[in-house]
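This report refers to the structure that appears directly beneath it.
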Amino acid sequence: MKPTKTLRSDAIKTGPDRAPARAMLRATGLSDSDIAKPMIGVVHTWSNISPCNLNLRELAEHASAGIRAAGGTPIEFNTIAVTDGIAMGTTGMRASLVSREVIADSIELAVNGHCLDAVLVLCGCDKTIPAAAMALARMNIPGLALYGGSIAHGTLAGRHITIQEVFEAVGAHGAGKLDDAGLLQVEKSACPGAGACGGQFTANTMAMALSMLGISPMGANDVPAIHKGKPAEAERCGRLAVELTKAGQNSRRFITKDGLWNAAIACSASGGSTNAVLHFLAIAHAAEVP
């Protein structure tokens, strides 16, 4: 495939009439060289309300380094996240699926509004991951997504535990089999830091699905959130975003009927979340795949 001769971002930065726009770009610290390069969006769903997205702002720095190394200019922004693990069981859960649309909309608006050449989406929880794929499918520009990674296990009484054990402890407490102190001990031990829920729930299911779909590079999403190898995966994704841009390979090259079928098979084979059905349909619709 021949490299792209012109850039989408030329619309905002090329020619005498774009001098005011270039003046504003210079105010952010960009040089002539920076402005001339492909402008790659680095969008993340960083938030400190939950561990799921807690490491994404740091990963964005490594992704940006990869973009610069490959000859691009990173343009960073963020969007919202609603965390199911906190919202469920409350009226806040009504906002969860809606948030998927808002996240996809905001990515699309910011990237198209600034005529960026490509986008790398860093995502971390249930609705942010399919939202990333939906935005890429709608815009059909070069881009990819990187999952922030799964959380490490906690330890209690020499045993590995995850958020799953906290849910089970709530049931045991309600049945009178665990006292308040025991429940608190489980609660304090299960989640040691950054990363999405440690189980084949929606986040890990959709992260795996995006790898099978081709929207995430194989292996990148498998690296846990706090693993020492995660920054290198972010940098690799930054480089890939520039490579995809230079090759002119748009997102719908990967988001196809066959790709979605592969993702669905992987979800079924791994015992993944049935929420994947809702998200595959939405991604397919965004990509205009029947």
Side-chain angles (χ1 to χ4, degrees), residues 1-46 56-80 103-123 128 131-146 148 214-217 220 231 233-255 286:
M1 190 172 290
K2 293 181 179 180
T4 304
K5 293 182 179 179
T6 59
L7 297 169
R8 272 189 12 134
S9 59
D10 287 342
I12 64 165
K13 66 186 186 185
T14 301
D17 62 332
R18 301 314 303 161
R22 290 193 298 273
M24 297 184 75
L25 289 171
R26 293 182 201 284
T28 69
L30 296 185
S31 66
D32 287 348
S33 176
D34 295 329
I35 294 170
K37 294 173 182 176
M39 302 179 78
I40 314 297
V42 179
V43 55
H44 53 76
T45 56
W46 177 86
L56 298 184
R57 194 162 61 178
E58 179 184 351
L59 290 180
E61 296 178 5
H62 296 284
S64 294
I67 289 169
R68 293 188 188 96
T73 296
I75 305 296
E76 182 183 345
F77 61 96
N78 78 309
T79 182
I80 65 160
I103 295 162
D105 288 348
S106 64
I107 296 170
E108 182 182 16
L109 284 169
V111 172
N112 283 342
H114 298 99
C115 300
L116 301 182
D117 299 298
V119 61
L120 166 58
V121 186
L122 307 176
C123 44
T128 65
M134 289 166 62
L136 288 167
R138 289 182 195 172
M139 294 184 293
N140 194 29
I141 62 173
L144 65 159
L146 173 64
I215 289 299
S216 296
E233 293 297 343
E235 185 173 349
R236 174 164 75 112
C237 287
R239 291 175 181 269
L240 281 171
V242 179
E243 291 175 14
L244 288 168
T245 305
K246 291 179 178 179
Q249 295 185 359
N250 294 344
S251 298
R252 291 191 190 180
R253 179 175 183 270
F254 305 98
I255 305 175

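All values below were derived from every heavy atom in this structure, side-chain atoms included, with hydrogens, water molecules and symmetry-related copies excluded.
- By the side-chain hydrogen bond (donor to acceptor under 3.5 Å, both in side chains) test, Ser9 is found to be paired with Lys13, Asp117, residues two or more places apart in sequence or in another chain being considered.
- Residues satisfying the salt bridge (charged side-chain N to carboxylate O under 4.0 Å, His left out) criterion with Glu58, sequence neighbours excluded, are absent altogether.
- The salt bridge (charged side-chain N to carboxylate O under 4.0 Å, His left out) check on Arg236 picks up Glu233, with sequence neighbours excluded.
- Partner Val43 forms a side-chain contact (heavy atoms from CB on, under 4.5 Å) with one of Thr79, Leu116, Asn78, Leu120 and no other, that one being Thr79.
- Taking 4.5 Å as the limit, some side-chain heavy atom of Asn112 sits within range of a side-chain heavy atom of Arg8.
- Across Ala21 and Ile12, no two heavy atoms sit closer than the pair CB-O, 3.2 Å.
- In terms of modelled atom types and a separation under 3.5 Å, the side chain of Arg22 and the main chain of Gly15 share a donor-acceptor contact.
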Table please: side-chain donor-acceptor pairs of residues 134-146 below 3.5 Å, with sequence neighbours left out.
{"from": "Arg138", "atom 1": "NH1", "to": "Asp105", "atom 2": "OD1", "distance (Å)": "2.6"}
{"from": "Arg138", "atom 1": "NH1", "to": "Glu108", "atom 2": "OE1", "distance (Å)": "3.0"}
{"from": "Arg138", "atom 1": "NH2", "to": "Asp105", "atom 2": "OD1", "distance (Å)": "3.4"}
{"from": "Asn140", "atom 1": "OD1", "to": "Arg252", "atom 2": "N", "distance (Å)": "2.9"}

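- Rounding to the nearest 0.5 Å places CD of Glu235 at 11.5 Å from CG of Leu59.
- Thr128 pairs by the side-chain hydrogen bond (donor to acceptor under 3.5 Å, both in side chains) definition with nothing, not counting sequence neighbours.
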Extract all donor-acceptor atom pairs below 3.5 Å that involve side chains of residues 61-77 and protein atoms in other chains or at least two apart in sequence.
{"from": "Ser64", "atom 1": "OG", "to": "Ala60", "atom 2": "O", "distance (Å)": "2.9"}
{"from": "Thr73", "atom 1": "OG1", "to": "Asp34", "atom 2": "O", "distance (Å)": "2.6"}
{"from": "Glu76", "atom 1": "OE2", "to": "His44", "atom 2": "NE2", "distance (Å)": "2.7"}

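- Looking at residues two or more places apart in sequence or on another chain, you find a side-chain hydrogen bond (donor to acceptor under 3.5 Å, both in side chains) between Arg26 and Asp32.
- Taking the side-chain contact (heavy atoms from CB on, under 4.5 Å) definition, one finds that Ile80 meets it with Ser99, Val102, Ile103, sequence neighbours left out.
- Residues meeting the side-chain hydrogen bond (donor to acceptor under 3.5 Å, both in side chains) test with Asp17, sequence neighbours left out: none.
- Once rounded to the nearest 0.5 Å, the distance linking SG of Cys115 with CG of Asp10 reads 10.0 Å.
- In this view, Thr28 and Leu30 satisfy the side-chain contact (heavy atoms from CB on, under 4.5 Å) rule, not counting sequence neighbours.
- Counting all heavy atoms, side chain and backbone alike, Ala241 lies closest to Ile40 at CB-CG2, 3.8 Å.
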